[in-house]
Amino acid sequence: MPENEQERAPQGIDITRPSVSRVYDFMLGGKDNYEIDRHVAQLALKVAPDAPEAARSNRQFLRRTVRHLAGEAGIRQFLDIGSGLPTQGNVHEVAQAITPGARVVYVDHDPIVLVHGRALLAVDASTTVIEADIREPEAILAHPDVRGLIDFTRPVGLLLFGILHHLADDEDPGGIVARLMAALAPGSHLAISHFHNPGRAHPEVAEQARSAEKIFNETLGTGRWRTREEILAYFDGLELLEPGLVPLPEWRPDRGDEQAELGITYHTFVGAVARKP
């Protein structure tokens with residue numbers, strides 16, 4: 001690692017190990033990443049050359065979801081777990097453009113997100129960033145900064161974009177989602193984007209998903225491309241909004257979004273939104 005690059009790393013940031021947030025930042029064309037992150041990204045790009053397009057589709061899906069929740073669904077508070085590094089169209093920007101004063105709590109366990117997030121995301125009294133791990137949902141729900149902004153007697157928009165696929169099966173991602181949703185009032189909404197293995201429906205894509213999963217687990221130590229049934233199970237007991245669980249570009253597309261091409265990752269990144277009755 002070049003010495004000058006080490007000097008640019010904020011204190012407490014380990015740039016000898018890749019970071020999911022920084023790899024994703026690279027895919028989005030950001031600058032908050034290091035040589036080790038770019039190395040992992042290049043490995044992923046050999047398997048899925050259109051991975052940056054998948055990353056952009058995820059951000060577009062997030063923006064469409066937040067616009068729907070803040071507008072049509074009347075949600076005034078959001079809990080964004082695994083928020084990642086700040087980029088264009090952050091949750092508070094989208095929500096507050098529709099509902100001034102909408103409250104947003106960003107949650108991430110990556111220290112670099114905290115370094116940049118507190119400068120760029122925590123812009124006013126209605127927005128904050130906390131350091132916490134989704135594997136400890138009760139700690140998130142009980143965090144004083146969360147309790148200070150989120151009224152759990154009112155509906156909440158729970159955003160889990162690109163995070164559950166970084167939990168191994170034995171970490172019980174379904175149970176974590178259930179514990180989080182149990183704390184939220186009726187009328188709350190759950191939005192998830194997740195890596196997907198389409199299986200027999202798209203055999204070539206399924207093989208690519210297996211290759212990508214191997215790379216992620218060898219380099220980042222985490223990554224599960226789950227089946228449609230496994231992902232739908234996160235929404236058990238909830239009312240799935242139309243059009244259901246679909247490739248990200250197909251969830252209520254907006255004319256302002258870039259049109260995603262039908263590349264290898266099109267069917268390997270899916271999302272859905274559901275309401276708690």
Side-chain angles (χ1 to χ4, degrees), residues 18-28 37 40-41 43-45 47-48 50-62 65 80-85 107-110 113 132-137 140 158-181 190-199 201-202 205-236 244-251 260 263-274:
S19 152
V20 171
S21 296
R22 299 194 311 250
V23 171
Y24 186 50
D25 175 72
F26 173 81
M27 293 295 189
L28 285 170
D37 308 303
V40 171
L43 291 175
L45 287 169
V47 176
D50 62 336
E53 185 164 339
R56 288 191 295 271
S57 291
N58 189 47
R59 292 301 298 185
Q60 291 169 358
F61 172 52
L62 179 145
T65 297
D80 183 3
I81 303 179
S83 54
L85 285 156
V107 183
D108 209 289
H109 77 291
D110 191 329
V113 174
D133 195 314
I134 192 172
R135 297 172 184 86
E136 300 176 350
I140 294 173
L158 176 60
L159 311 178
L160 303 177
F161 286 84
I163 184 171
L164 295 175
H165 52 234
H166 292 301
L167 298 180
D169 292 346
D170 60 9
E171 291 174 307
D172 191 19
I176 289 171
V177 174
R179 285 148 66 189
L180 288 166
M181 288 304 298
L190 169 66
I192 292 174
S193 66
H194 198 293
F195 290 161
H196 172 236
N197 187 324
H202 299 278
V205 177
E207 181 59 34
Q208 180 270 342
R210 285 189 287 271
S211 298
E213 185 170 285
K214 183 173 185 292
I215 289 171
F216 265 64
N217 282 281
E218 289 176 349
T219 56
L220 288 172
T222 174
R224 277 280 281 114
W225 273 247
R226 293 189 166 94
T227 66
R228 178 177 182 83
E229 292 72 25
E230 288 175 314
I231 299 170
L232 282 172
Y234 297 136
F235 299 97
D236 283 352
L245 181 68
V246 293
L248 302 182
E250 296 180 18
W251 198 90
I264 194 73
T265 65
Y266 189 90
H267 291 285
T268 61
F269 210 172
V270 298
V273 182

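Positions are given from 1, in the same order as the sequence printed here. Predicted model only: the values in this text are computed from it and were never measured.
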Heavy-atom distance under 4.5 Å between the side chains of Val205 and Thr268, does that happen here? yes
Please report the interatomic distance CG(Asp80) to CG(Leu62), rounded to the nearest 0.5 Å. 6.5 Å
Phe235 side chain reached by Ile192 side chain, heavy atoms, under 4.5 Å: yes
Would you say that Val273 contacts Phe61 through its side chain, given a criterion of any heavy-atom pair below 4.5 Å between the two side chains? yes
Please determine whether a side-chain nitrogen of the Lys or Arg among Arg210 and Glu213 lies less than 4.0 Å from a carboxylate oxygen of the Asp or Glu. no
Can you name the ring-ring contact (aromatic ring centres under 6.0 Å, His included) partners of Phe195, sequence neighbours left out? His165, Phe216, Trp225, Phe269
Sorted by chain and number, sequence neighbours left out, side chain to side chain donor-acceptor pair (under 3.5 Å) with Glu136 holds for none
Check whether any side-chain heavy atom of Ile176 sits under 4.5 Å from a side-chain heavy atom of Leu180, and report yes or no. yes
Do Leu167 and Arg224 come close enough that some side-chain heavy atom pair is under 4.5 Å? no
Closest non-hydrogen atom pair, Tyr266 against Pro249: CE1-CG, 3.7 Å
Side chains of Leu190 and Leu160: closer than 4.5 Å at any heavy-atom pair? yes
Under a 4.5 Å cut-off applied to non-hydrogen side-chain atoms, are Ser193 and Leu248 in contact? yes
Salt bridge between Arg226 and Asp169, side-chain N to carboxylate O under 4.0 Å? yes
Ring centres of His194 and Tyr234 under 6.0 Å apart? yes
